[in-house]
Amino acid sequence: MRPDREPVWTPPADAGGQPRQMRRILGLFRPYRGRLAVVGLLVGAASLVSVTTPFLLREILDVAIPRGRTGLLSLLALGMIAGAVLTSVFGVLQTLISTTVGQRVMHDLRTAVYDRLQRMSLAFYTRTRTGEVQSRIANDIGGMQATVTSTATSLVSNLTGVVATVVAMLVLDWRLTAVSLLLLPVFVWISRRVGRERRRITTRRQKQMAAMAATVTESLSVSGILLGRTMGRSDSLTRSFADESEQLVDLEVRASMAGRWRMAVITIVMSAMPAVIYWTAGIALRFGGPEVSLGTVVAFVSLQQGLFRPAVSLLSTGVQIQTSLALFQRIFEYLDLPADITERPDAVRLDRVRGEIRFEGVEFRYDGHGRPVLDGVDVTVPAGGSLAVVGPTGAGKSTLGHLVPRLYDVTGGRVTLDGVDVRDLDFDTLARAVGVVSQETYLFHASVADNLRFAKPDATDGELEEAARAAQIHDHIAALPDGYDTVVGERGHRFSGGEKQRLAIARTILRDPPVLVLDEATSALDTRTEAAVQTAIDALSANRTTLTIAHRLSTVRDADQIVVLDSGRLVERGTHEELLERDGRYAALVRGEAVGEPAAVPVPEPVGLAVMPVPEPVELPEPGGPDASGPSPGPALEPTRS
């Protein structure tokens, strides 16, 4: 599998600072402060009810029973029962509201991360493993569930309970209270140390889980299985996965046992405190100290037991919050990623697009630095015209095509659509205006009809059939047992390469864009299949502005204009006949293709591996998303720079 790569972006040094993180975490709950206020009231009421029980018990032991007051005894007993009922009811309501709020916060986080990732440029996905992205959304946010759904409420509940109980203990006897709270600062210090230790381990554990998820996503996809078996690497991949799993086992054990003995000491000491209170009261009475009634001692011990549960829970909650900070930090890293493809506040909306494309002094560098992939490209494609881009591998052809739908943004010059810089257009206009058909066709694991309707969710069955006929694929679909309801399989593996290409073309025909980018759409097909797909492309290209990127020069002969790129620079332009007469780069490419030999043109060193992005399987999104016919943001070894 691919080695890990450096992240696209590194968060600021203070991004993980606890005060800043806590403010951001609390900010997540701000939209639900009304519900949280209700939870606070319920918690306060439950705490007040719970601390009255020991006082009722004291009255039973010191007054009602010794004096034989049966009526008072019955009333006090009913009061204790009513307190238990109210506490339980308050607890159920509190859990319902807090869990709802927590799940809404998790929903907001998942949606925010997904939205941020949707706005990242193609460069981000060529550097990031799909498993890493999935792990952030699934494992990291999932791991925070306990924190956001119950920890906040538990914190408030236990804190309120501790305060109320301590006040009640002081009312009963301040001396016994001082003895009970003597070791509390030590316990707080221990829990903070345990929390910091677990946070460090959790950070390492989540990274290991992300690495494992990436391995599974890559090696257990259809392409991964094919590669592993044909290369005889199945056993090696299993051993590699076992090693990663073994590391995770060690981290899980360490995370579970971190500070366990220290917390056990706290539990033992607090469990022993009732015995200490009985001993203290007995010694004080034996040596002439202040007399404490039996009812007071029993009530005090009852309060102390009531203090024990929330105090230990409060310390554990502090540890859990420290652990969760590691998860929040990983999520905030993604939320803080600078989205380099953004819609401007005053974005232009074009109701009617003619389709004129201009490249004006276009320069592009990956990550904004290094060798230019495109350098000073000037070319115009009139509305309804066709431009073919050819050149050796690494010349920048695909990158040029990616600039039109804003899969990347230029680092110099500009690309315009009908005279408007594409960076100034709103996303909806650009998505409606530009359709992309690439060599690597991506189909969802869904029916043929669902895949086609991804381009137009409200398309009728008649429109689907019309588009499929134009793409030369209707007869094949109709011959299938389930017709348009046939599930295409993961990444469309139930269909051949040519059939998938024609499905992609039908999908784009449904979209009906005035501008079409064909990125090596037939280069991986055999001659017979290419002829069928080319017929579909001709139907698709009619009356549209077409930008064709191709290695096979037979597919570009009829273009209105052909340009030759070499090392990112435009070195020739003209029609097929004009360029042949000049006997330059284009003619050399044609001769090289005709005799089956490499072109006579010196081929520059490739900027990166010419590997199209290979998307991993995902569930079919809701209709109305971006046009699926464009390059999918799956993982790739390097940015495509052909």
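Along the sequence shown, residues carry numbers from 1. Since we're looking at a predicted model, the values are computed, not measured.
With values rounded to the nearest 0.5 angstrom, Leu516 atom CG is found 12.5 Å from Asn543 atom CG. Atom CZ of Phe427 and atom CZ of Arg344 lie 10.5 Å apart (nearest 0.5 Å). Here Leu374 contributes atom CG and Leu570 contributes atom CG; the two are 10.0 Å apart, rounded to the nearest 0.5 Å. The CG atom of Leu430 lies 8.5 Å from the CG atom of Asp426; values are rounded to the nearest 0.5 Å. To the nearest 0.5 angstrom, Leu117 atom CG is 8.5 Å from Leu335 atom CG. Note: Thr380 OG1 to Glu356 CD = 6.5 Å, rounded to the nearest 0.5 Å.
Using a distance-only test at 3.5 Å, with no hydrogens or angles considered, a donor-acceptor pair links the side chain of Arg511 to the main chain of Ala455. Looking at Asp375, its side chain never comes within 3.5 Å of a backbone N or O of Glu363 through a donor-acceptor pair. Between the side chain of Arg469 and the main chain of His474, no donor-acceptor pair closer than 3.5 Å is present. In this structure, the side chain of Arg423 does not engage the main chain of Arg406 through any donor-acceptor pair within 3.5 Å. Checking side-chain atoms of Thr548 against main-chain N and O of Val556 turns up no donor-acceptor pair under 3.5 Å. Listed for the Glu465 side chain is no donor-acceptor partner under 3.5 Å among the backbone atoms of Gly462.
Taking 4.5 Å as the limit, some side-chain heavy atom of Val410 sits within range of a side-chain heavy atom of Val415. Looking only at side-chain heavy atoms (C-beta outward), Thr486 and Ile477 stay at 4.5 Å or farther from each other. Here the side chains of Tyr484 and Asp461 are not in contact, with every heavy-atom distance at 4.5 Å or above. Side-chain contact between Val379 and Gln561: present, with at least one pair of heavy atoms (C-beta onward) separated by less than 4.5 Å. Side-chain contact between Leu400 and Ile549: absent, with no pair of heavy atoms (C-beta onward) separated by less than 4.5 Å. With contacts defined as side-chain heavy-atom distances shorter than 4.5 Å, the pair Val563/Phe359 does not qualify. His107 is not listed as a side-chain neighbour of Val105, based on a closest heavy-atom distance of 4.5 Å or more. Side-chain contact between Leu503 and Leu443 is present, with at least one heavy-atom pair separated by less than 4.5 Å.
Taking the side chain to side chain donor-acceptor pair (under 3.5 Å) definition, one finds that Asp512 meets it with Arg544, sequence neighbours left out. Scanning for side chain to side chain donor-acceptor pair (under 3.5 Å) contacts around Thr100 gives an empty result, with sequence neighbours left out. Every ring-ring contact (aromatic ring centres under 6.0 Å, His included) that Phe364 has, sequence neighbours left out, goes to Tyr366, Tyr408. Looking at residues two or more places apart in sequence or on another chain, you find no salt bridge (charged side-chain N to carboxylate O under 4.0 Å, His left out) involving Arg35. With sequence neighbours left out, the ring-ring contact (aromatic ring centres under 6.0 Å, His included) criterion links His476 to Phe495. For Val381, the side-chain contact (heavy atoms from CB on, under 4.5 Å) test picks out Ile357, Leu387, Thr545, with sequence neighbours left out. Asp346 pairs by the side chain to side chain donor-acceptor pair (under 3.5 Å) definition with nothing, not counting sequence neighbours. Asp378 meets the side-chain contact (heavy atoms from CB on, under 4.5 Å) test with Glu360; sequence neighbours excluded. Residues forming a side-chain contact (heavy atoms from CB on, under 4.5 Å) with Glu572 (at least two apart in sequence, or on another chain): Val564, Leu579, Arg585, Tyr586. In this view, Arg354 satisfies the side chain to side chain donor-acceptor pair (under 3.5 Å) rule with no residue, not counting sequence neighbours. Taking Ala559 as the reference, Ser386, Ala388, Ile562 meet the side-chain contact (heavy atoms from CB on, under 4.5 Å) condition, with sequence neighbours excluded.
Heavy-atom minimum distance, Val434 versus Pro405: CG1-CB, 3.9 Å. Closest approach of Asn451 to Ala446, counting heavy atoms only: ND2-O, 3.5 Å. Closest approach of Ile473 and Arg502 over heavy atoms only: CB-CB, 3.9 Å. Looking at every heavy atom in both residues, Leu464 comes nearest to Ala459 through CD2-CB, 4.1 Å. In plain terms, the two heavy atoms of Ser398 and Asp519 that are nearest each other are OG-OD1, 3.0 Å. Contact between Leu510 and Ala467 at its shortest, heavy atoms only, is CG-CB, 3.8 Å.
For residues 103-116, every residue pair satisfying the salt bridge (Lys or Arg N to Asp or Glu O under 4.0 Å) rule, not counting sequence neighbours, is listed here: Asp115-Arg119.
Cation-pi geometry between Arg24 and Phe328 is not met: the NZ or CZ atom fails to fall both under 6.0 Å from the ring centre and inside 45° of the normal.
For the side-chain contact (heavy atoms from CB on, under 4.5 Å) with Pro514, the qualifying choice from Leu350, Val353, Asp418 is Val353, the only one to do so.
A 6.0 Å sphere centred on CD of Glu466 holds no more than 12 heavy atoms belonging to other residues, nucleotides or ligands.
The pair Asp428-Arg349 meets the salt-bridge criterion, with a side-chain N (NZ, NE, NH1 or NH2) lying under 4.0 Å from an Asp/Glu carboxylate O. A salt bridge between Arg358 and Asp421 is absent, with no side-chain N of the basic residue lying under 4.0 Å from a carboxylate O of the acidic one. Taking 4.0 Å as the cut-off between side-chain N and carboxylate O, Arg569 and Asp566 do not count as a salt-bridged pair.
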Stepwise, does the side chain to side chain contact (heavy atoms under 4.5 Å, CB included) test hold for Arg582 with Leu580? CA-CA 5 Å; Arg582 292 178 192 171; Leu580 285 180; over 6 Å; no

